[in-house]
Amino acid sequence: MAAIHPVFNHSTPTRQLHIITWGCQMNVYDSNRMIDLLRPLGYSVTPKAENADVLILNTCHIRDKATEKVFSELGRLKLIKELRLQNGYSTLIAVAGCVAQAEGKIILERAPYVDIILGPQTYHKLPKMILESSKKSGNIIEIDFPVESKFDFLPSTSEAPGQSAFLTIQEGCDKFCSYCVVPYTRGAEESRPVQAILDEAKHLCQLGVKEITLLGQNVNAYHGEGPQGSTWNLAKLIEKLSLIPNLLRIRYTTSHPKDMEDSLIEAHRDLPTLMPFVHLPVQSGSDKILKAMNRGHTSDDYRRLIDKLKRHKPDIALSSDFIVGHPGESVPDFQATIKLIEDIKFAQSFSFKYSPRPGTTAALSKNQISETEKDSRLKELQALLNDQQTQFNQQTIHKTLPVLFTHRGRKPKQIVGKSPFLQAVHITTDQNLIGQEKNVRIDECLTFSLSGSLV
Ligand code: 5AD
Ligand code: SF4
């Protein structure tokens with residue numbers, strides 16, 4: 001039997017699309033945009049890869065064996081593609097995201113059954129690529145950085161994304177930290193125009209969204225085109241967004257300490273919709289390592305910045321990323337990171353073992369740290385960060401916090417939401433409060449969440 005190609009398969013009312021997303025929140029946003037792009041072509045999302053006419057792997061290249069993970073998943077998808085073909089259905093496999101950008105040609109050599117390779121800046125061309133792929137044999141690859149901005153080609157979301165949504169406002173990075181692939185995979189820093197962001201935010205709120213997290217690799221470096229040729233920074237954009245009726249909460253991530261302008265710190269003091277939480281990665285507490293990382297600030301600069309934030313917003317919760325075992329990191333360097341964490345006290349954090357990334361300067365260094373040493377440093381660091389997270393959560397016991405409820409919990413009558421400090425909070429109630437913000441008294445602190453009761 002001839003295989004039925006997804007695009008021309010009219011025997012089923014809709015075509016099925018399955019996306020596997022790895023990595024950061026921006027990849028989650030991108031995957032949702034790809035769904036929006038394919039919906040007008042009749043595609044709906046299926047949770048089962050076996051049912052999908054189009055399978056998309058949206059990949060991440062930031063750390064560890066990223067490429068190997070992609071090949072192992074592709075092996076599984078290849079079997080699904082073969083099985084479906086035996087049943088008369090063709091399947092299209094697309095690899096998107098940062099691994100596609102960095103290793104696209106290698107993927108096609110090693111996995112020729114992949115039909116489409118597209119980078120993070122070219123996924124607006126996905127519908128055209130699917131159509132082309134259906135007409136000709138061979139693979140299609142789109143990983144050049146295009147002159148046009150993909151944002152100009154993305155349709156607006158038509159399905160309600162829930163109570164809490166991501167909105168990419170800035171992308172790419174010009175900072176070239178020694179260890180990081182982002183400037184190579186996502187390209188140069190680019191900020192979206194103010195009006196496009198306002199339109200998207202208003203549209204999301206019309207669909208029922210109550211909380212928006214503004215995304216960017218360097219979100220606080222945002223400098224988008226405003227009205228009459230002006231340039232707006234993040235504080236000004238947030239101020240404008242905070243006027244949208246029904247938008248209860250605004251967050252932003254990820255920030256760079258060097259771009260933390262006074263106006264943004266003041267916005268935390270002045271705007272009640274801007275949540276009292278900042279993810280501000282410091283990576284290391286050692287000045288020697290910060291310099292080797294090309295971070296452009298010292299550990300004291302970071303401490304001063306945190307002091308300023310706390311002066312303006314005393315209850316602000318802090319979060320950071322840490323890398324242990326960057327090339328050249330000595331035991332005293334690592335201890336300087338521990339000291340910085342002890343001094344500042346984080347509400348939550350992400351921490352990683354340094355992973356050499358192809359094409360980055362740190363990967364070429366002769367002073368690599370052994371895996372065993374990295375393992376033991378990471379263990380020590382994470383124990384401290386976990387303690388601090390527990391302490392932070394425990395401080396909220398018996399306090400009343402506004403919680404925005406977003407989904408049902410696993411237990412009967414349980415609903416789950418977020419505190420302003422990004423803590424998961426669950427309560428048991430008969431009422432349907434999803435999408436609403438309610439005051440909750442915190443009764444108990446569990447490992448990764450809080451439980452409470454309605455006030
Ligand atoms: N190795 C380990 N961690 C890394 N990160 C980025 N690149 C690497 C790498 N090569 C971490 C940084 C960054 C976060 C998103 O990922 O801490 O802030
Ligand atoms: Fe990577 Fe550094 Fe840019 Fe962050 S600031 S995306 S760590 S290069």
Side-chain angles (χ1 to χ4, degrees), residues 22-29 59-69 97-99 101-103 120-121 168-191 213 215-223 234 252-260 278-286 289-297 301-302 305 318-329 334 337 340-341 346 348-365 367-371 373-375 377-378 381-382 385:
W22 285 322
C24 61
Q25 292 140 325
M26 198 175 280
N27 265 14
V28 175
Y29 177 87
T59 60
C60 169
H61 203 227
I62 197 103
R63 283 176 297 273
D64 283 350
K65 305 184 186 96
T67 318
E68 286 320 305
K69 248 168 66 185
C98 292
V99 178
Q101 185 66 45
E103 318 257 11
Q121 305 308 347
T168 295
I169 64 165
Q170 178 277 337
E171 211 175 325
C173 181
D174 299 336
K175 296 223 162 38
F176 291 93
C177 296
S178 61
Y179 49 83
C180 186
V181 284
V182 166
Y184 309 97
T185 56
R186 291 265 167 183
E189 204 176 294
E190 187 205 337
S191 294
T213 303
L215 297 181
Q217 262 92 32
N218 263 296
V219 75
N220 59 340
Y222 176 82
H223 54 279
L234 183 60
Y252 61 93
T253 196
T254 290
S255 297
H256 193 291
K258 263 177 75 178
D259 296 314
M260 204 70 200
V278 179
H279 181 62
L280 194 59
V282 62
Q283 316 292 0
S284 167
S286 149
I289 295 299
L290 286 170
K291 191 156 191 278
M293 286 177 164
N294 192 30
R295 292 290 290 174
H297 64 84
D301 292 336
Y302 188 81
L305 194 53
L318 302 164
S319 152
S320 176
D321 292 341
F322 296 95
I323 298 179
V324 300
H326 182 276
E329 187 190 71
F334 172 65
T337 305
L340 180 125
I341 296 172
F346 292 90
Q348 55 164 267
S349 282
F350 301 94
S351 46
F352 315 99
K353 280 194 292 181
Y354 166 71
S355 148
R357 303 283 73 210
T360 59
T361 52
L364 303 173
S365 167
N367 295 325
Q368 301 293 332
I369 308 297
S370 74
E371 283 305 306
E373 189 57 34
K374 284 193 245 180
D375 282 334
R377 290 182 195 176
L378 187 65
L381 185 108
Q382 289 186 336
L385 291 170

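Read the numbers this way: they start at 1 and go in the same order the structure lists the ligands and their atoms. In this text the structure is predicted, and so the values were computed from the model without any measurement.
Taking the six-membered ring wherever Trp is involved, the centroid distance between the rings of Tyr184 and Phe176 falls below 6.0 Å. When ring centroids are compared, Tyr354 and Phe322 stay outside the 6.0 Å threshold.
Scanning the protein heavy atoms around atom 6 (C) of ligand 1, the nearest turns out to be Ile62 CG1, 3.5 Å. Among protein heavy atoms, the minimum distance from atom 7 (S) of ligand 2 is reached at Tyr179 OH, 3.4 Å. Closest protein heavy atom to atom 1 (Fe) of ligand 2: Cys180 SG, 2.3 Å. Atom 3 (Fe) of ligand 2 has as its closest protein heavy atom Cys173 SG, 2.2 Å. Among all non-hydrogen protein atoms, the one lying nearest atom 1 (N) of ligand 1 is Ser355 N, 3.0 Å. Taking atom 7 (N) of ligand 1 as the reference point, the nearest protein heavy-atom neighbour is Tyr179 CD1, 3.3 Å.
Shown in contact with Lys353 at under 4.0 Å from a heavy atom are these atoms of ligand 1, numbered in order with element: 1 (N), 2 (C). Close approach of ligand 1 to Gln283 (heavy-atom distance below 4.0 Å) involves ligand atoms 12 (C), 13 (C), 17 (O), 18 (O). Within ligand 2, the atoms closer than 4.0 Å to a non-hydrogen atom of His256 are 5 (S), numbered from 1 in the order shown. Counting atoms of ligand 1 from 1 in the listed order, those under 4.0 Å from a heavy atom of Asp321 are 13 (C), 14 (C), 15 (C), 17 (O), 18 (O). Near Tyr354, with a cut-off below 4.0 Å to any heavy atom, the atoms of ligand 1 are 1 (N), 2 (C).
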| said: I'd like to know whether Ser191 forms a side chain to side chain donor-acceptor pair (under 3.5 Å) with Gln170, so could you lay out the CA-CA distance, the side-chain angles of the two residues, the decisive distance to 0.1 Å, and finally the verdict. | reply: CA-CA 4 Å; Ser191 294; Gln170 178 277 337; 5.5 Å; no
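Among the candidates Arg295, His326, Arg357, the single residue satisfying the side-chain contact (heavy atoms from CB on, under 4.5 Å) test with Ser178 is His326. Between Gln283 and the options Asp321, Val324, Ile289, a side-chain contact (heavy atoms from CB on, under 4.5 Å) holds for only Asp321.
At a 4.0 Å heavy-atom cut-off, ligand 2 touches Asn218 through the side chain alone. Counting heavy atoms under 4.0 Å from ligand 1, residue Ile323 touches it through the side chain alone. When non-hydrogen atoms are compared, ligand 2 lies under 4.0 Å from the side chain of Pro183 (C-beta onward) but not from its backbone. Using a 4.0 Å cut-off between heavy atoms, Phe352 contacts ligand 1 through its side chain alone, with no backbone atom that close.
Look at Asp259 and Lys175 and you find a salt bridge, because one of the NZ, NE, NH1 or NH2 atoms lies within 4.0 Å of a carboxylate O, short of that distance. Classification of Glu329 and Lys374 as a salt-bridged pair fails, no side-chain N sitting under 4.0 Å from a carboxylate O.
For Arg295, the heavy-atom gap to ligand 2 drops under 4.0 angstrom.
Distances from atom 2 (Fe) of ligand 2 show that Cys177 has an N/O/S atom below 2.8 Å.
Taking 4.5 Å as the limit, some side-chain heavy atom of His256 sits within range of a side-chain heavy atom of His297. The side-chain heavy atoms of Tyr252 and His279, taken from C-beta on, include no pair separated by under 4.5 Å.
Atom NZ of Lys353 has more than 12 heavy atoms from other residues, nucleotides or ligands within 6.0 Å.
Separating the CD atom in Gln348 from the OG atom in Ser319 is a distance of 5.0 Å, to the nearest 0.5 Å.
When the heavy-atom distances from atom 16 (O) of ligand 1 to Met293, Arg63, Gln217, His256 are ranked, the shortest goes to Arg63.
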